[in-house]
Peer 1: 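Quick one: the structure is below, and I'll ask about it shortly.
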2 protein chains.
Amino acid sequence: MNAEVKNEMNIDVKNIGDFLKSHGIRPSYPRVKIYEYLIRHKNHPTVDMIYNSLADVIPSLSKTTVYNTLNMFVDKNVAIVLEMNDSEARYDADVSLHGHFRCVKCGSIYDFNLDSSDFRPRGLDNFLVSEVQVTCKGICAGCRT
Amino acid sequence: MNAEVKNEMNIDVKNIGDFLKSHGIRPSYPRVKIYEYLIRHKNHPTVDMIYNSLADVIPSLSKTTVYNTLNMFVDKNVAIVLEMNDSEARYDADVSLHGHFRCVKCGSIYDFNLDSSDFRPRGLDNFLVSEVQVTCKGICAGCRT
DNA sequence: AGCAATTTTGTAATCATTACAATATTATTA
DNA sequence: TAATAATATTGTAATGATTACAAAATTGCT
Ligand SMILES: [Mn+2]
Ligand SMILES: [Mn+2]
Ligand SMILES: [Zn+2]
Ligand SMILES: [Zn+2]
């Protein structure tokens with residue numbers, strides 16, 4: 001990786017409940033745990049990764065709840081679904097503008113900074129743009145050696 | 001739309017056979033027709049749209065052939081699959097760098113130019129980037145009125 | 001024409017996601 | 001606090017796009 005690669009977010013884990021409430025989400029235990037998982041694991045996890053990890057701490061957890069919760073997070077704008085054409089959806093609690101690179105060799109997904117001042121979609125002058133995603137594919141530095 | 005919106009491609013329809021051959025694709029009748037459909041219909045069609053349109057002119061056409069052919073086109077780099085998180089994949093014969101905007105009201109997908117000098121992913125210095133896609137979501141000019 | 005390689009086709013399987021109704025939990029009211 | 005309403009969670013079944021696969025058709029070559 002590289003010094004310019006995007007820094008981690010800095011949401012205080014202790015205040016997840018308040019954070020969710022401020023976005024119109026009742027902070028139930030599964031919801032807090034799922035959100036906490038998202039901000040602690042920056043690897044853009046799939047539903048299965050989240051479910052398998054949380055099934056230990058919430059034995060009653062249903063995969064449907066993970067789906068429901070993530071859909072709600074996206075709806076309430078506290079998470080995004082990556083546009084990756086992957087077989088499984090990948091989620092990200094970092095809703096700020098940044099790009100994603102997927103290595104076709106190792107499957108890792110890297111964040112990278114997008115300087116919004118030099119990123120302007122041209123020709124959408126009368127369009128209301130609510131979301132932008134930049135996705136790259138290729139071979140990461142580690143896999144090129 | 002807008003004057004800056006990306007111009008249509010200019011591949012000569014008559015030479016589709018040669019074009020496919022030059023990319024290592026044997027130009028069978030279904031393949032030529034599917035490619036011709038892609039360059040004549042710039043609306044980023046789904047498999048069903050292509051199949052339903054061509055079923056008239058190729059009565060024996062199977063949907064599997066459309067899938068197989070489009071997968072081959074993507075593999076041979078004469079088409080791309082849009083990264084859109086749509087329920088059905090959308091295809092584009094324009095493999096040059098350009099962005100896509102999907103209107104969440106009418107579902108239309110618009111092309112727009114990306115000035116590559118504007119657009120520089122930061123922090124992938126030692127990465128081999130083979131594909132870049134920029135996807136926007138929002139409400140198009142027509143739907144905003 | 002005869003034979004081998006390739007392509008197309010139809011059907012069945014896959015599998016991520018959603019629909020749905022029952023159950024459990026939480027909030028509100030009396 | 002007990003009763004009641006609202007919301008959340010769960011398990012199972014359905015959905016639907018895509019793929020797997022093998023048979024049939026087509027094509028290219030001798
Ligand atoms: Mn990210
Ligand atoms: Mn396009
Ligand atoms: Zn890699
Ligand atoms: Zn629209």
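Here is how names work: the chains are called A, B, and so on, in the same order as the sequence lines, proteins then strands, and each is numbered from 1.
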Peer 1: Within the structure, does a side-chain N or O atom of Ser60(A) lie under 4.0 Å from either OP1 or OP2 of dT10(D)?
Peer 2: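 Yes, because at least one side-chain N or O of Ser60(A) sits under 4.0 Å from OP1 or OP2 of dT10(D).
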
Peer 1: What is the minimum heavy-atom distance between Tyr51(A) and Ser62(A), and which atoms define it?
Peer 2: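 Nearest heavy atoms, Tyr51(A) then Ser62(A): CE1-C, 3.9 Å.
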
Peer 1: I want to know whether Phe127(B) and Phe101(A) have ring centres closer than 6.0 Å.
Peer 2: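 Under 6.0 Å, so yes.
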
Peer 1: OH of Tyr29(A) versus C1' of dA24(C): gap in Å, rounded?
Peer 2: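 In whole Å, dA24(C) C1' and Tyr29(A) OH are 17 Å from each other.
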
Peer 1: Under 4.0 Å, heavy atoms only, any strand: does Asp48(B) hit a base, just the sugar-phosphate, or nothing?
Peer 2: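 Nothing, no nucleic acid heavy atom in range.
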
Peer 1: Take atom OH of Tyr51(A) and atom P of dT17(C), then tell me their distance rounded to the nearest Å.
Peer 2: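 Result: 15 Å.
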
Peer 1: 5'-most contact on DNA chain C: Pro59(B) or Arg26(B), nearest heavy atom basis?
Peer 2: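 It is Arg26(B) whose nearest nucleotide is closer to the 5' end.
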
Peer 1: Under 3.5 Å, is there a donor-acceptor pair between the Asp111(B) and His100(B) side chains?
Peer 2: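 Distance-only check passes for Asp111(B) and His100(B).
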
Peer 1: Rounded to whole Å, how long is the line connecting atom CZ of Arg31(A) with atom P of dT25(C)?
Peer 2: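 Spelled out: CZ on Arg31(A) to P on dT25(C) is 15 Å.
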
Peer 1: So, OP1 or OP2 of dT9(D): does either fall under 4.0 Å of a side-chain N or O from Ser62(A)?
Peer 2: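 So the side chain of Ser62(A) is outside the cut-off, no N or O lying under 4.0 Å from OP1 or OP2 of dT9(D).
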
Peer 1: Nearest to the side chain of Glu88(A) - dT8(C), dT18(C), dA16(C)?
Peer 2: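 In terms of side-chain proximity for Glu88(A), the closest of dT8(C), dT18(C), dA16(C) is dA16(C).
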
Peer 1: To the nearest Å, give me how far apart CG (Leu70(B)) and P (dT8(C)) are.
Peer 2: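 Nearest whole value for this atom pair: 12 Å.
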
Peer 1: Nearest heavy atom decides the nucleotide; on that basis, is Asn68(A) or Ala89(B) closer to the 5' end of DNA chain D?
Peer 2: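 First, find each residue's nearest nucleotide; the 5'-ward one identifies Asn68(A).
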
Peer 1: Quick one: closest heavy-atom pair of Gly17(A) and Pro27(A), and the distance?
Peer 2: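 So the two residues come closest at CA-CB, 3.8 Å.
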
Peer 1: To the nearest Å, how far apart are Lys63(A) NZ and dT10(D) P?
Peer 2: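 Rounded to the whole Å, the gap is 13 Å.
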
Peer 1: Does the base of dT18(D) carry an N or O that pairs as donor and acceptor with the side chain of Thr64(B) under 3.5 Å?
Peer 2: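 Flag unset: no donor-acceptor pair detected.
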
Peer 1: Kindly give the heavy-atom pair with the smallest separation between Arg90(B) and Asn43(B), and that separation in Å.
Peer 2: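 Reported closest heavy-atom pair: NH1-O, 3.7 Å.
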
Peer 1: Mind calculating the distance between CD1 (Ile58(B)) and C1' (dT8(C)) to the nearest angstrom?
Peer 2: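 Nearest whole value for this atom pair: 11 Å.
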
Peer 1: Find the distance Ile50(B):CD1 to dT18(D):P and express it as a whole number of Å.
Peer 2: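 Between P of dT18(D) and CD1 of Ile50(B): 11 Å.
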
Peer 1: Using a 4.0 Å heavy-atom cut-off across all strands, classify Ser28(B) as base, sugar-phosphate, or nothing.
Peer 2: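 Sugar-phosphate only.
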
Peer 1: Please give, in whole Å, the distance from dT17(C) P to Tyr91(A) OH?
Peer 2: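 Going from OH in Tyr91(A) over to P in dT17(C) covers 6 Å.
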
Peer 1: Between Tyr67(A) and dT17(C), is there a side-chain N or O to OP1/OP2 distance below 4.0 Å?
Peer 2: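 Yes, such a contact exists.
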
